[in-house]
Amino acid sequence: MAEFQTSPGTRDILHPDSARWRAFTARFSDAAEAAGFHQIIPPMFEDLGVFQRLGEVTDVVTKEMYDFMDKGGRHVALRPEHTASVCRAFVQHRPTLPWLVWYAGPNFRYEKAQHGRYRQFDQVGVEALGSNDPWLDAEVIALGWNFFAGLGLRDVKLVINSLGDDGDRERYVEILRSYLSANSGDLSKESLETLARNPLRVLDSKRDQDAAIVAGAPSIRESLSDAAKEHFATVLEGLDTLGVPFTVNDRLVRGLDYYRRTTFEYVSTALDSAQNAIGGGGRYDGLVEDLGGPATPGIGFALGLDRTLLACDAEGVFAAPTDSTDLFVVDTTGGANATAIAAALRNVGHSVARAYDSRSMKSQMKQADKSGAKVTLIVGESEAETNTVIVRSMVDGTQRTIARDSLIEELKKEFK
RNA sequence: GUGGUCGUAGCUCAGCUGGUUAGAGCGUCAGGUUGUGGCCCUGAAGGCCGGGGGUUCAAGUCCCCUCGAUCACCCCA
(Lines give C-alpha, C1' and ligand atoms only; values in the text may rest on other atoms or scores of the structure.)
Protein backbone atom coordinates (compact mmCIF):
# COMPACT_ATOMS: atom_id res chain seq x y z
CA MET A 1 0.00 0.00 0.00
CA ALA A 2 1.37 3.35 -1.02
CA GLU A 3 2.14 5.76 1.77
CA PHE A 4 0.13 8.53 0.14
CA GLN A 5 -3.21 8.19 -1.53
CA THR A 6 -5.76 10.64 -2.87
CA SER A 7 -7.76 12.46 -0.21
CA PRO A 8 -11.32 11.32 0.50
CA GLY A 9 -13.67 12.18 -2.30
CA THR A 10 -10.92 12.85 -4.83
CA ARG A 11 -9.34 10.58 -7.43
CA ASP A 12 -6.98 10.42 -10.35
CA ILE A 13 -8.47 10.20 -13.79
CA LEU A 14 -6.13 8.06 -15.86
CA HIS A 15 -6.07 7.07 -19.50
CA PRO A 16 -8.34 5.98 -21.09
CA ASP A 17 -10.86 7.64 -18.75
CA SER A 18 -9.07 10.95 -19.14
CA ALA A 19 -9.52 10.70 -22.92
CA ARG A 20 -13.20 10.18 -22.32
CA TRP A 21 -13.33 13.29 -20.16
CA ARG A 22 -11.65 15.28 -22.87
CA ALA A 23 -14.14 14.01 -25.42
CA PHE A 24 -16.97 14.88 -23.07
CA THR A 25 -15.97 18.49 -22.54
CA ALA A 26 -15.17 18.85 -26.24
CA ARG A 27 -18.70 17.73 -27.08
CA PHE A 28 -20.14 20.11 -24.59
CA SER A 29 -18.14 23.11 -25.71
CA ASP A 30 -19.15 22.43 -29.31
CA ALA A 31 -22.80 22.30 -28.33
CA ALA A 32 -22.62 25.44 -26.21
CA GLU A 33 -20.67 27.45 -28.77
CA ALA A 34 -23.14 26.39 -31.44
CA ALA A 35 -25.88 27.88 -29.27
CA GLY A 36 -24.07 31.19 -28.93
CA PHE A 37 -22.42 30.68 -25.54
CA HIS A 38 -18.77 31.52 -24.94
CA GLN A 39 -16.45 30.15 -22.36
CA ILE A 40 -15.68 31.64 -18.98
CA ILE A 41 -12.92 30.28 -16.77
CA PRO A 42 -13.40 31.73 -13.30
CA PRO A 43 -10.91 31.07 -10.49
CA MET A 44 -11.39 27.94 -8.43
CA PHE A 45 -11.51 29.88 -5.18
CA GLU A 46 -13.09 33.17 -4.26
CA ASP A 47 -13.86 35.31 -1.29
CA LEU A 48 -16.11 33.25 0.95
CA GLY A 49 -18.76 35.96 0.76
CA VAL A 50 -19.37 35.30 -2.92
CA PHE A 51 -20.70 31.86 -2.10
CA GLN A 52 -22.50 32.81 1.07
CA ARG A 53 -24.88 34.74 -1.16
CA LEU A 54 -26.13 31.38 -2.38
CA GLY A 55 -28.36 31.25 0.66
CA GLU A 56 -28.19 31.19 4.38
CA VAL A 57 -30.16 27.98 4.77
CA THR A 58 -28.45 26.17 1.91
CA ASP A 59 -26.45 23.15 3.01
CA VAL A 60 -23.92 23.80 0.29
CA VAL A 61 -23.12 27.03 2.10
CA THR A 62 -23.62 26.14 5.73
CA LYS A 63 -22.15 22.67 5.96
CA GLU A 64 -20.25 21.82 2.83
CA MET A 65 -18.06 24.84 2.15
CA TYR A 66 -14.41 24.02 1.56
CA ASP A 67 -13.07 27.21 3.08
CA PHE A 68 -9.84 28.35 4.71
CA MET A 69 -7.81 31.40 5.67
CA ASP A 70 -5.03 32.22 3.24
CA LYS A 71 -1.67 33.66 4.23
CA GLY A 72 -2.93 37.17 3.70
CA GLY A 73 -5.72 36.65 6.20
CA ARG A 74 -8.43 36.44 3.56
CA HIS A 75 -11.26 34.03 4.19
CA VAL A 76 -11.59 32.18 0.90
CA ALA A 77 -13.49 29.13 -0.29
CA LEU A 78 -13.08 26.63 -3.09
CA ARG A 79 -16.09 27.13 -5.31
CA PRO A 80 -18.98 24.73 -4.61
CA GLU A 81 -20.48 25.57 -8.01
CA HIS A 82 -19.95 27.98 -10.88
CA THR A 83 -23.09 30.09 -10.83
CA ALA A 84 -22.05 32.44 -8.04
CA SER A 85 -18.66 33.02 -9.66
CA VAL A 86 -20.31 33.79 -12.98
CA CYS A 87 -22.59 36.32 -11.35
CA ARG A 88 -19.67 37.88 -9.51
CA ALA A 89 -17.81 38.09 -12.82
CA PHE A 90 -20.85 39.70 -14.38
CA VAL A 91 -20.90 42.41 -11.73
CA GLN A 92 -17.15 42.89 -12.03
CA HIS A 93 -16.99 43.20 -15.83
CA ARG A 94 -20.45 44.46 -16.80
CA PRO A 95 -20.69 42.74 -20.18
CA THR A 96 -23.39 43.66 -22.69
CA LEU A 97 -26.68 41.82 -22.44
CA PRO A 98 -27.60 39.13 -22.80
CA TRP A 99 -24.45 37.48 -21.55
CA LEU A 100 -24.23 33.82 -22.52
CA VAL A 101 -21.40 31.79 -21.04
CA TRP A 102 -20.46 28.15 -20.67
CA TYR A 103 -17.91 26.56 -18.37
CA ALA A 104 -16.26 23.28 -17.49
CA GLY A 105 -14.29 22.59 -14.37
CA PRO A 106 -14.08 21.17 -10.88
CA ASN A 107 -16.15 22.21 -7.88
CA PHE A 108 -15.60 21.37 -4.24
CA ARG A 109 -17.99 20.39 -1.53
CA TYR A 110 -16.95 19.08 1.85
CA GLU A 111 -19.36 16.22 2.31
CA LYS A 112 -19.14 12.51 2.86
CA ALA A 113 -18.16 10.90 -0.40
CA GLN A 114 -19.75 7.94 -2.05
CA HIS A 115 -20.12 6.61 -5.56
CA GLY A 116 -21.18 9.49 -7.79
CA ARG A 117 -20.69 12.04 -5.04
CA TYR A 118 -17.21 13.44 -4.69
CA ARG A 119 -15.61 16.28 -2.80
CA GLN A 120 -13.99 17.40 -6.01
CA PHE A 121 -16.43 16.91 -8.83
CA ASP A 122 -16.52 18.27 -12.35
CA GLN A 123 -19.39 20.06 -13.95
CA VAL A 124 -20.08 21.58 -17.31
CA GLY A 125 -22.81 24.14 -17.65
CA VAL A 126 -24.16 27.34 -19.11
CA GLU A 127 -25.48 30.60 -17.69
CA ALA A 128 -27.51 33.23 -19.50
CA LEU A 129 -27.76 36.62 -17.79
CA GLY A 130 -29.85 39.60 -18.62
CA SER A 131 -33.01 38.19 -20.11
CA ASN A 132 -36.42 37.31 -18.74
CA ASP A 133 -37.55 35.68 -21.94
CA PRO A 134 -39.25 32.34 -21.18
CA TRP A 135 -38.21 31.12 -24.62
CA LEU A 136 -34.65 31.42 -23.40
CA ASP A 137 -35.53 29.10 -20.53
CA ALA A 138 -36.79 26.56 -23.02
CA GLU A 139 -33.67 26.86 -25.17
CA VAL A 140 -31.35 26.46 -22.22
CA ILE A 141 -33.21 23.39 -21.00
CA ALA A 142 -33.22 21.93 -24.50
CA LEU A 143 -29.48 22.52 -24.81
CA GLY A 144 -28.86 20.22 -21.85
CA TRP A 145 -31.41 17.71 -23.04
CA ASN A 146 -29.93 17.50 -26.51
CA PHE A 147 -26.43 17.20 -25.12
CA PHE A 148 -27.42 14.12 -23.15
CA ALA A 149 -29.16 12.70 -26.18
CA GLY A 150 -26.05 13.36 -28.24
CA LEU A 151 -23.99 11.24 -25.89
CA GLY A 152 -26.37 8.40 -26.62
CA LEU A 153 -28.27 8.51 -23.33
CA ARG A 154 -31.87 7.42 -23.61
CA ASP A 155 -32.91 6.85 -20.01
CA VAL A 156 -33.02 10.51 -19.01
CA LYS A 157 -36.06 12.22 -17.60
CA LEU A 158 -36.58 15.96 -17.45
CA VAL A 159 -38.46 17.13 -14.38
CA ILE A 160 -39.55 20.76 -14.23
CA ASN A 161 -41.34 23.10 -11.87
CA SER A 162 -41.84 26.77 -11.13
CA LEU A 163 -41.04 28.26 -7.75
CA GLY A 164 -42.60 31.59 -8.62
CA ASP A 165 -41.19 34.97 -7.80
CA ASP A 166 -39.74 36.13 -4.54
CA GLY A 167 -43.09 36.93 -2.92
CA ASP A 168 -44.73 33.78 -4.25
CA ARG A 169 -42.05 31.66 -2.78
CA GLU A 170 -42.30 33.33 0.64
CA ARG A 171 -46.05 32.91 0.66
CA TYR A 172 -45.84 29.25 -0.28
CA VAL A 173 -43.20 28.54 2.36
CA GLU A 174 -45.60 29.86 4.99
CA ILE A 175 -48.48 27.78 3.66
CA LEU A 176 -46.26 24.73 3.62
CA ARG A 177 -44.89 25.45 7.06
CA SER A 178 -48.32 25.60 8.62
CA TYR A 179 -49.42 22.44 6.81
CA LEU A 180 -46.36 20.51 7.93
CA SER A 181 -46.58 21.86 11.45
CA ALA A 182 -50.17 20.71 11.66
CA ASN A 183 -48.99 17.23 10.69
CA SER A 184 -45.74 17.30 12.60
CA GLY A 185 -46.79 14.35 14.70
CA ASP A 186 -46.42 12.00 11.77
CA LEU A 187 -43.20 13.42 10.36
CA SER A 188 -39.85 11.73 10.87
CA LYS A 189 -37.60 13.46 13.35
CA GLU A 190 -35.15 14.31 10.55
CA SER A 191 -37.90 16.09 8.68
CA LEU A 192 -38.90 17.96 11.81
CA GLU A 193 -35.43 19.41 11.94
CA THR A 194 -35.59 20.26 8.26
CA LEU A 195 -38.97 21.90 8.81
CA ALA A 196 -37.48 24.28 11.34
CA ARG A 197 -34.62 25.16 9.03
CA ASN A 198 -36.06 25.10 5.52
CA PRO A 199 -39.64 23.82 5.03
CA LEU A 200 -39.26 23.47 1.25
CA ARG A 201 -36.70 20.76 1.65
CA VAL A 202 -39.09 18.51 3.52
CA LEU A 203 -40.65 17.88 0.12
CA ASP A 204 -37.40 16.14 -0.85
CA SER A 205 -37.56 13.62 1.98
CA LYS A 206 -37.04 10.05 0.83
CA ARG A 207 -38.14 8.44 4.05
CA ASP A 208 -41.21 6.25 3.80
CA GLN A 209 -42.60 7.73 6.96
CA ASP A 210 -42.91 11.15 5.31
CA ALA A 211 -44.28 9.97 1.99
CA ALA A 212 -47.98 10.38 2.77
CA ILE A 213 -47.64 13.83 4.28
CA VAL A 214 -45.46 15.07 1.44
CA ALA A 215 -47.94 13.68 -1.09
CA GLY A 216 -50.77 15.55 0.59
CA ALA A 217 -48.92 18.84 0.87
CA PRO A 218 -50.39 21.88 -0.83
CA SER A 219 -48.95 22.57 -4.29
CA ILE A 220 -46.88 25.65 -4.98
CA ARG A 221 -48.87 26.14 -8.13
CA GLU A 222 -51.69 27.85 -6.27
CA SER A 223 -49.22 30.34 -4.85
CA LEU A 224 -47.81 31.49 -8.17
CA SER A 225 -48.45 35.03 -9.33
CA ASP A 226 -50.13 35.51 -12.70
CA ALA A 227 -46.83 36.66 -14.21
CA ALA A 228 -45.00 33.59 -12.93
CA LYS A 229 -47.78 31.32 -14.13
CA GLU A 230 -47.68 32.82 -17.58
CA HIS A 231 -43.90 32.57 -17.72
CA PHE A 232 -44.03 28.91 -16.76
CA ALA A 233 -46.73 28.16 -19.33
CA THR A 234 -44.61 29.70 -22.07
CA VAL A 235 -41.54 27.70 -20.98
CA LEU A 236 -43.53 24.50 -21.29
CA GLU A 237 -44.83 25.63 -24.65
CA GLY A 238 -41.25 26.25 -25.70
CA LEU A 239 -40.25 22.75 -24.69
CA ASP A 240 -43.08 21.37 -26.79
CA THR A 241 -41.93 23.49 -29.71
CA LEU A 242 -38.40 22.12 -29.31
CA GLY A 243 -39.62 18.55 -28.96
CA VAL A 244 -38.29 18.09 -25.45
CA PRO A 245 -40.42 15.74 -23.33
CA PHE A 246 -40.84 16.75 -19.71
CA THR A 247 -42.66 15.93 -16.49
CA VAL A 248 -44.01 18.72 -14.32
CA ASN A 249 -43.43 17.96 -10.65
CA ASP A 250 -44.62 20.58 -8.19
CA ARG A 251 -42.56 18.92 -5.46
CA LEU A 252 -39.28 19.72 -7.18
CA VAL A 253 -37.71 22.48 -5.11
CA ARG A 254 -33.94 21.88 -5.42
CA GLY A 255 -31.33 22.73 -2.88
CA LEU A 256 -29.93 26.12 -3.74
CA ASP A 257 -32.39 28.65 -2.44
CA TYR A 258 -31.59 31.31 -4.99
CA TYR A 259 -33.88 29.66 -7.51
CA ARG A 260 -36.89 31.60 -8.77
CA ARG A 261 -39.50 30.65 -11.33
CA THR A 262 -38.18 27.90 -13.59
CA THR A 263 -36.38 25.06 -11.92
CA PHE A 264 -35.52 21.71 -13.49
CA GLU A 265 -33.55 18.54 -13.12
CA TYR A 266 -32.28 15.85 -15.46
CA VAL A 267 -32.60 12.44 -13.84
CA SER A 268 -31.05 9.24 -15.10
CA THR A 269 -33.41 6.32 -14.73
CA ALA A 270 -30.53 3.98 -15.57
CA LEU A 271 -28.74 4.89 -12.36
CA ASP A 272 -29.90 2.70 -9.53
CA SER A 273 -28.76 4.90 -6.69
CA ALA A 274 -29.61 8.01 -4.75
CA GLN A 275 -27.17 9.94 -6.91
CA ASN A 276 -29.34 9.83 -10.00
CA ALA A 277 -29.59 13.55 -10.75
CA ILE A 278 -27.13 14.09 -13.59
CA GLY A 279 -27.96 17.74 -14.11
CA GLY A 280 -30.06 20.56 -12.83
CA GLY A 281 -30.66 24.25 -12.99
CA GLY A 282 -33.11 27.06 -13.04
CA ARG A 283 -33.67 30.79 -12.89
CA TYR A 284 -31.89 32.82 -10.29
CA ASP A 285 -33.33 36.27 -10.75
CA GLY A 286 -31.90 38.20 -7.85
CA LEU A 287 -28.51 36.58 -7.39
CA VAL A 288 -26.65 39.27 -9.32
CA GLU A 289 -28.29 41.88 -7.15
CA ASP A 290 -27.27 40.02 -4.02
CA LEU A 291 -23.69 40.24 -5.24
CA GLY A 292 -23.88 43.99 -5.54
CA GLY A 293 -24.89 44.32 -9.18
CA PRO A 294 -27.97 45.73 -10.87
CA ALA A 295 -31.15 43.67 -10.83
CA THR A 296 -30.42 41.12 -13.53
CA PRO A 297 -32.28 37.93 -14.33
CA GLY A 298 -30.35 34.74 -15.01
CA ILE A 299 -30.89 31.15 -15.94
CA GLY A 300 -28.55 28.22 -16.36
CA PHE A 301 -27.81 24.62 -15.63
CA ALA A 302 -24.94 22.46 -14.47
CA LEU A 303 -24.36 18.89 -15.57
CA GLY A 304 -22.35 16.51 -13.43
CA LEU A 305 -19.52 15.08 -15.47
CA ASP A 306 -18.84 12.15 -13.17
CA ARG A 307 -22.46 11.17 -12.83
CA THR A 308 -23.24 11.57 -16.48
CA LEU A 309 -20.39 9.20 -17.30
CA LEU A 310 -21.76 6.75 -14.74
CA ALA A 311 -25.09 6.97 -16.54
CA CYS A 312 -23.27 6.38 -19.83
CA ASP A 313 -21.67 3.28 -18.31
CA ALA A 314 -25.05 2.06 -17.14
CA GLU A 315 -26.49 2.49 -20.63
CA GLY A 316 -23.37 1.25 -22.40
CA VAL A 317 -22.89 4.41 -24.45
CA PHE A 318 -20.15 6.99 -25.02
CA ALA A 319 -17.22 4.69 -24.47
CA ALA A 320 -13.68 6.01 -24.19
CA PRO A 321 -12.27 6.81 -27.60
CA THR A 322 -9.83 4.21 -28.93
CA ASP A 323 -6.16 5.06 -29.16
CA SER A 324 -5.20 6.47 -32.50
CA THR A 325 -1.46 6.24 -32.95
CA ASP A 326 -0.48 6.40 -36.62
CA LEU A 327 2.97 4.95 -36.44
CA PHE A 328 5.32 3.01 -34.22
CA VAL A 329 9.07 3.03 -34.76
CA VAL A 330 11.10 -0.06 -33.93
CA ASP A 331 14.86 0.41 -33.78
CA THR A 332 17.29 -2.33 -32.77
CA THR A 333 20.40 -0.28 -33.42
CA GLY A 334 20.43 1.65 -30.19
CA GLY A 335 17.74 4.30 -30.57
CA ALA A 336 19.34 7.11 -32.57
CA ASN A 337 17.43 6.16 -35.70
CA ALA A 338 14.10 5.87 -33.91
CA THR A 339 14.64 9.26 -32.33
CA ALA A 340 15.39 10.91 -35.67
CA ILE A 341 12.61 9.20 -37.59
CA ALA A 342 9.98 9.83 -34.92
CA ALA A 343 10.90 13.49 -34.73
CA ALA A 344 10.75 13.93 -38.51
CA LEU A 345 7.36 12.27 -38.76
CA ARG A 346 5.89 14.16 -35.82
CA ASN A 347 7.02 17.36 -37.50
CA VAL A 348 4.80 16.62 -40.45
CA GLY A 349 1.82 15.88 -38.26
CA HIS A 350 1.87 12.15 -37.58
CA SER A 351 1.28 10.74 -34.13
CA VAL A 352 4.28 8.53 -33.52
CA ALA A 353 5.16 6.20 -30.67
CA ARG A 354 8.35 4.20 -30.22
CA ALA A 355 10.17 1.96 -27.79
CA TYR A 356 12.92 2.90 -25.41
CA ASP A 357 15.65 1.14 -23.46
CA SER A 358 16.94 -0.89 -26.42
CA ARG A 359 14.61 -3.78 -25.99
CA SER A 360 14.62 -6.81 -28.26
CA MET A 361 12.86 -6.62 -31.59
CA LYS A 362 10.24 -9.04 -30.41
CA SER A 363 9.58 -6.87 -27.39
CA GLN A 364 9.38 -3.72 -29.48
CA MET A 365 7.00 -5.40 -31.92
CA LYS A 366 4.73 -6.33 -29.04
CA GLN A 367 4.67 -2.74 -27.92
CA ALA A 368 3.94 -1.66 -31.46
CA ASP A 369 0.99 -4.01 -31.51
CA LYS A 370 -0.37 -2.70 -28.24
CA SER A 371 0.04 0.92 -29.27
CA GLY A 372 -2.68 0.46 -31.85
CA ALA A 373 -0.44 1.80 -34.60
CA LYS A 374 -1.61 0.96 -38.08
CA VAL A 375 1.92 0.89 -39.45
CA THR A 376 5.24 0.00 -37.87
CA LEU A 377 8.55 1.27 -39.19
CA ILE A 378 11.48 -1.04 -38.54
CA VAL A 379 15.15 -0.13 -38.55
CA GLY A 380 17.62 -2.95 -37.90
CA GLU A 381 21.31 -3.23 -38.59
CA SER A 382 21.00 -3.84 -42.32
CA GLU A 383 18.46 -1.03 -42.78
CA ALA A 384 20.69 1.33 -40.89
CA GLU A 385 23.61 0.42 -43.16
CA THR A 386 21.62 0.87 -46.36
CA ASN A 387 19.68 3.89 -45.21
CA THR A 388 16.34 2.14 -45.59
CA VAL A 389 13.26 1.50 -43.49
CA ILE A 390 10.86 -1.43 -43.39
CA VAL A 391 7.24 -0.30 -43.56
CA ARG A 392 5.07 -2.99 -42.04
CA SER A 393 1.27 -3.02 -41.96
CA MET A 394 0.03 -4.11 -38.55
CA VAL A 395 -3.29 -5.01 -40.10
CA ASP A 396 -2.28 -7.69 -42.62
CA GLY A 397 1.40 -8.16 -41.87
CA THR A 398 2.64 -7.16 -45.31
CA GLN A 399 5.82 -5.15 -45.42
CA ARG A 400 8.19 -3.48 -47.85
CA THR A 401 11.58 -1.85 -47.66
CA ILE A 402 11.93 1.70 -48.86
CA ALA A 403 14.63 4.35 -48.97
CA ARG A 404 14.70 6.47 -45.86
CA ASP A 405 14.64 9.65 -47.92
CA SER A 406 11.28 8.74 -49.39
CA LEU A 407 9.67 7.81 -46.07
CA ILE A 408 7.52 10.89 -45.65
CA GLU A 409 6.34 10.72 -49.26
CA GLU A 410 5.55 7.02 -48.96
CA LEU A 411 3.54 7.47 -45.79
CA LYS A 412 1.31 10.01 -47.46
CA LYS A 413 -0.20 7.06 -49.29
CA GLU A 414 -1.05 5.32 -46.05
CA PHE A 415 -2.43 8.36 -44.26
CA LYS A 416 -4.36 10.86 -46.26
C1' G B 1 -22.42 14.53 9.94
C1' U B 2 -25.44 9.50 11.44
C1' G B 3 -26.04 4.16 10.62
C1' G B 4 -24.90 -0.66 7.73
C1' U B 5 -21.36 -3.53 4.63
C1' C B 6 -16.57 -4.29 2.89
C1' G B 7 -10.81 -3.75 2.63
C1' U B 8 -5.78 -10.27 0.35
C1' A B 9 -0.37 -9.13 -5.63
C1' G B 10 -1.12 -3.35 -10.78
C1' C B 11 -6.61 -5.35 -11.80
C1' U B 12 -10.73 -9.14 -10.64
C1' C B 13 -10.94 -12.45 -6.87
C1' A B 14 -9.84 -17.83 -3.92
C1' G B 15 -8.13 -18.74 0.94
C1' C B 16 -13.02 -24.43 4.70
C1' U B 17 -14.82 -24.34 11.57
C1' G B 18 -7.67 -19.62 13.46
C1' G B 19 -2.44 -24.13 12.36
C1' U B 20 3.44 -25.67 8.04
C1' U B 21 7.38 -21.18 3.01
C1' A B 22 -0.50 -16.79 1.26
C1' G B 23 -2.91 -18.88 -4.27
C1' A B 24 -5.45 -18.31 -9.37
C1' G B 25 -6.82 -15.60 -13.77
C1' C B 26 -5.67 -11.13 -16.32
C1' G B 27 -1.76 -7.61 -16.76
C1' U B 28 3.79 -6.75 -16.64
C1' C B 29 8.77 -8.60 -17.89
C1' A B 30 11.97 -12.47 -20.15
C1' G B 31 12.36 -16.73 -23.24
C1' G B 32 10.32 -20.54 -27.19
C1' U B 33 17.95 -21.03 -32.14
C1' U B 34 19.19 -18.16 -37.35
C1' G B 35 16.31 -9.64 -36.84
C1' U B 36 9.35 -8.92 -36.55
C1' G B 37 3.46 -8.23 -33.17
C1' G B 38 -1.56 -10.38 -32.63
C1' C B 39 -2.77 -17.22 -30.98
C1' C B 40 -0.17 -20.88 -28.08
C1' C B 41 3.72 -22.74 -24.54
C1' U B 42 7.55 -21.96 -20.51
C1' G B 43 9.53 -19.07 -16.73
C1' A B 44 10.15 -14.66 -13.62
C1' A B 45 9.12 -10.41 -10.93
C1' G B 46 5.32 -8.53 -7.80
C1' G B 47 1.72 -9.06 -1.41
C1' C B 48 4.74 -6.59 6.56
C1' C B 49 -3.35 -10.01 3.67
C1' G B 50 -5.34 -1.13 4.48
C1' G B 51 -2.80 0.65 9.33
C1' G B 52 -2.32 0.13 14.86
C1' G B 53 -3.36 -2.51 19.29
C1' G B 54 -5.29 -6.94 21.70
C1' U B 55 -6.86 -12.37 22.57
C1' U B 56 -4.12 -17.10 21.62
C1' C B 57 1.08 -21.87 21.82
C1' A B 58 -0.49 -19.96 16.85
C1' A B 59 -4.46 -14.76 13.15
C1' G B 60 -5.32 -13.06 6.37
C1' U B 61 -8.93 -15.73 9.41
C1' C B 62 -11.51 -13.63 16.42
C1' C B 63 -12.06 -8.54 19.34
C1' C B 64 -11.18 -3.07 19.67
C1' C B 65 -9.50 1.43 17.43
C1' U B 66 -8.19 3.93 13.03
C1' C B 67 -7.95 5.03 7.72
C1' G B 68 -10.35 4.19 3.09
C1' A B 69 -14.18 2.53 -0.18
C1' U B 70 -19.22 1.48 -0.64
C1' C B 71 -24.80 1.54 0.57
C1' A B 72 -28.84 4.22 3.00
C1' C B 73 -30.13 8.85 5.41
C1' C B 74 -28.64 13.78 4.49
C1' C B 75 -27.32 16.64 0.31
C1' C B 76 -26.88 17.37 -4.61
C1' A B 77 -24.06 17.18 -10.01
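Not measured: the values here are computed from a predicted model. Chain letters run A, B, ... following the sequence lines, proteins first, then strands; residues in each count from 1.
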message: Below the 4.0 Å mark, does C73(B) have OP1 or OP2 next to a side-chain nitrogen or oxygen of Ser205(A)?
response: no
task: Provide, to the nearest angstrom, the distance between the CE atom belonging to Met361(A) and the P atom belonging to U33(B).
output: 16 Å
query: Can you tell me how far P of U36(B) sits from CZ of Arg392(A), to the nearest Å?
result: 10 Å
message: When you measure from the centre of the six-membered ring of Phe318(A), is the NZ or CZ of Arg20(A) closer than 6.0 Å and no more than 45° off the axis?
response: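 No, Arg20(A) does not sit over the ring of Phe318(A).
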Cation-pi, Tyr118(A) ring and Arg11(A) (6.0 angstrom, 45 degrees): yes
query: How close or far is atom P of U66(B) from atom CD of Gln5(A), stated in whole angstroms?
result: 19 Å
query: Expressed in angstrom and rounded to an integer, what is the separation of Gln364(A) atom CD from G35(B) atom P?
result: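 Atom CD in Gln364(A) sits about 15 Å away from atom P in G35(B).
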message: Tell me the interatomic distance from Lys112(A), atom NZ, to G3(B), atom P, rounded to whole angstroms.
response: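 Interatomic distance, NZ of Lys112(A) to P of G3(B): 8 Å.
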message: Looking at C76(B), I'd like to know if its phosphate oxygens (OP1 or OP2) sit under 4.0 Å from a side-chain N or O belonging to Arg201(A).
response: yes
- prompt: Nearest to the side chain of Thr194(A) - G35(B), C75(B), C76(B)?
  reply: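 Nearest nucleotide to the side chain: C75(B).
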message: Measuring to OP1 and OP2 of C75(B), would you say a side-chain N or O of Arg254(A) lies under 4.0 angstrom away?
response: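 No, outside the criterion.
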query: Heavy atoms under 4.0 Å, any strand shown: does Gly397(A) hit a base, just sugar-phosphate, or nothing?
result: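 Base: the residue Gly397(A), judged by heavy atoms under 4.0 Å, touches a nucleobase.
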- line: Closest of G35(B), A77(B), G37(B) to the Tyr259(A) side chain is A77(B)
Inter-nucleotide C1' distance (G53(B), U17(B)), Å rounded: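 Going atom to atom, C1' in each nucleotide, I get 26 Å.
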query: For Glu81(A), which contact category applies under a 4.0 Å heavy-atom criterion: base, sugar-phosphate, or nothing?
result: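 Glu81(A): no heavy atom of the nucleic acid under 4.0 Å.
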query: Ignoring hydrogens and angles, are the base of G35(B) and the side chain of Glu383(A) linked by a donor-acceptor pair under 3.5 Å?
result: yes
query: When you measure from the side chain of Pro8(A), which nucleotide among G31(B), A77(B), A69(B) comes out closest?
result: A69(B)
task: Send over the distance from Lys362(A) NZ to A30(B) C1', rounded to a whole Å.
output: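 Atom-to-atom, Lys362(A) to A30(B), this comes out as 9 Å.
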query: P atom, U36(B) versus U21(B): distance in rounded Å?
result: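 Taking atom P in both U36(B) and U21(B), they lie 44 Å apart.
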message: Taking any heavy-atom pair under 4.0 Å as a contact, classify Glu265(A): base, sugar-phosphate, or nothing.
response: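 Since no nucleic acid heavy atom lies under 4.0 Å of Glu265(A), the category is nothing.
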- request: Specify whether Phe90(A) and Trp99(A) have parallel, tilted or perpendicular ring planes, treating 30° as the upper limit for parallel and 60° as the lower limit for perpendicular.
  value: tilted
- request: If A45(B) has a Watson-Crick or G-U wobble mate with both distances under 3.5 Å, name it; if not, just say none.
  value: none
message: Counting only side-chain heavy atoms from C-beta out, which of U70(B), G35(B), A77(B) sits nearest to His115(A)?
response: U70(B)
message: Using a strict threshold of under 4.0 Å (side-chain N to carboxylate O), is an ion pair present between Asp357(A) and Arg359(A)?
response: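 No.
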query: Using a cut-off of 4.0 Å on non-hydrogen atoms, how would the nucleic acid contact of Gly9(A) be classed: base, sugar-phosphate, or nothing?
result: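 Sugar-phosphate contact only - Gly9(A) comes under 4.0 Å of backbone atoms but never of a base.
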- prompt: Whole Å only: how far is the CZ atom of Arg207(A) from the P atom of C73(B)?
  reply: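 That distance rounds to 9 Å.
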message: What's the gap between G18(B) and G3(B) when it is taken at their P atoms, as a whole Å value?
response: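 Between the two P atoms, the distance is 30 Å.
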query: How many Å lie between CD on Glu190(A) and P on A72(B), as a whole number?
result: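 Spelled out: CD on Glu190(A) to P on A72(B) is 16 Å.
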